[in-house]
Amino acid sequence: MQYVERIITGIDGSEARFIGYVADNSPEISPDRTRTSILILPGGGYAMTSDREAEPVALRFLAEGFNVFVLRYSVRASHYPVALIESAEAMSLIRANAEEWHANPHQVAVLGFSAGGHLAANLATVAGDDDLREHGYDPDEIRPDALMLAYPVITSGEYAHRGSFQYLLGSHVHDQSMRDKLSIEKHIDAKTPPVFVWHTMTDSSVPVENTLMLIQACHEAGVSVEAHLFPEGRHGLSLANEETAYHGSPEHIVPAVQSWPDLATRWLRSFAEHR
């Protein structure tokens with residue numbers, strides 16, 4: 001296996017860590033195999049990036065045969081569009097190194113958790129296209145082929161996770177035009193890739209209405225969406241098992257939710273088969 005680590009310098013001088021887990025090909029199995037890749041964007045309210053939603057998740061999907069990359073993007077003092085541009089560079093790295101990393105450049109999914117879900121959706125939709133162009137990226141060339149979301153921050157409106165937008169926008173947090181620009185449900189259109197999303201009905205930090213608004217926007221735009229709503233579970237469950245439980249808390253171990261990686265794997269494999 002190749003372990004990849006790169007530093008991506010943010011437009012404000014900050015540094016993001018790009019980490020990759022790339023399975024080697026074997027002459028005994030399939031020497032010319034190319035794999036679907038997943039770029040993971042951990043959550044943390046744009047104030048941090050959670051360890052619980054980074055390597056443990058990467059290893060779970062690596063075991064399913066995917067190449068997996070994690071971006072620890074710039075947060076807190078780094079405001080919009082710093083993290084978006086870093087994410088675009090991460091997508092560029094994956095596609096530019098597709099041959100070396102045995103990756104199919106047309107099968108690159110992004111998986112975002114919570115605020116990382118907002119960032120993933122920002123990258124996948126047209127919401128940030130003008131900012132990407134301003135910083136030298138062709139939005140269509142760095143747009144992921146599939147969008148996977150776990151309890152995502154979507155809206156800046158009534159059901160917003162206020163803290164995420166405070167850190168994302170800084171002094172511009174009360175600028176309504178900026179809030180509208182970054183309210184993802186307003187920017188779902190034909191360019192949005194197929195979506196897989198899950199949420200718990202009892203999430204009190206990022207209300208499930210965020211995902212319901214996303215589903216409705218996808219439905220109206222004709223974007224394929226597979227959604228799973230689990231009846232119980234707090235915010236930030238990650239894999240919802242002992243491996244990712246916060247300080248071992250039983251509240252983060254929810255057996256009913258533990259099926260989501262299998263559901264996501266089946267969905268992504270089905271998507272890859274039809275590309």
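A quick note: this is a predicted structure, and the numbers were derived from the prediction, not measured.
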Is it true that [Y] and [X] share a donor-acceptor pair across their side chains at a distance under 3.5 Å?
X: Glu89; Y: Tyr137; result: yes
X: Tyr80; Y: His172; result: no
X: His199; Y: Thr211; result: yes
X: Ser183; Y: Glu185; result: yes

Take Asp131 and Lys181, measure what salt bridge (charged side-chain N to carboxylate O under 4.0 Å, His left out) needs, and give me the verdict at the end.
CA-CA 11 Å; Asp131 296 296; Lys181 177 179 181 177; 2.6 Å; yes
Closest approach of [X] to [Y] (non-hydrogen atoms, all atoms of both residues):
X: Thr36; Y: Gln107; result: OG1-OE1, 2.7 Å
X: Ala115; Y: Gly44; result: CB-N, 4.4 Å
X: Ile184; Y: Ala127; result: CD1-CB, 4.5 Å
X: Ala146; Y: Leu268; result: CB-CD1, 4.3 Å
X: Arg17; Y: Ile19; result: NH2-CD1, 3.4 Å
X: Asp12; Y: Ser78; result: OD2-OG, 2.6 Å

Can you check whether [Y]'s main-chain N or O pairs, donor with acceptor, with [X]'s side chain at less than 3.5 Å?
X: Asn210; Y: Tyr159; result: yes
X: Glu86; Y: Ser74; result: yes
X: Arg143; Y: Thr125; result: yes
X: Ser92; Y: Ala88; result: yes
X: His252; Y: Gly248; result: no
X: Asp203; Y: Arg234; result: no
X: Glu53; Y: Gly43; result: yes
X: His79; Y: Gln166; result: no

Verify whether the ring centers belonging to His228 and Phe196 lie closer than 6.0 Å.
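Yes, the ring centres sit under 6.0 Å apart.
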Side-chain heavy-atom pair [X], [Y] within 4.5 angstrom cut-off:
X: Val195; Y: Leu147; answer: yes
X: Ser87; Y: Leu41; answer: yes
X: Val153; Y: Ser114; answer: yes

Validate the cation-pi geometry between Arg179 and Phe165: distance from NZ or CZ to the six-membered ring centre under 6.0 Å, angle to the ring axis within 45°.
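The answer is yes, since Arg179 meets both limits relative to Phe165.
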Tell me every residue that passes side-chain hydrogen bond (donor to acceptor under 3.5 Å, both in side chains) with Asp175, counting only those two or more places apart in sequence or in another chain.
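Once residues adjacent in sequence are excluded, the partners of Asp175 under the side-chain hydrogen bond (donor to acceptor under 3.5 Å, both in side chains) criterion are Ser177.
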Salt bridge (Lys or Arg N to Asp or Glu O under 4.0 Å) pairs, two or more places apart, involving residues 95-105
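Salt bridge (Lys or Arg N to Asp or Glu O under 4.0 Å) check on residues 95-105 returns Arg95-Asp145.
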Is the [atom1] atom of [X] crowded by more than 12 outside heavy atoms at less than 6.0 Å?
X: His135; atom1: NE2; result: yes
X: Gln258; atom1: CD; result: yes
X: Tyr167; atom1: OH; result: no

Name every donor-acceptor pair, under 3.5 Å, that has one atom in a side chain of residues 57-73 and the other anywhere in the protein, sequence neighbours excluded.
residue, atom, partner, partner atom, Å
Arg60, NH1, Glu64, OE2, 2.9
Arg60, NH2, Asp262, OD1, 2.7
Glu64, OE1, Arg269, NH2, 3.1
Asn67, OD1, Ala23, N, 3.4
Asn67, ND2, Trp101, O, 2.8
Arg72, NE, Thr49, OG1, 2.8
Arg72, NH1, Asp51, OD1, 3.4
Arg72, NH2, Thr49, O, 2.7
Arg72, NH2, Thr49, OG1, 3.4
Arg72, NH2, Asp51, OD1, 2.7
Tyr73, OH, Pro42, O, 2.5

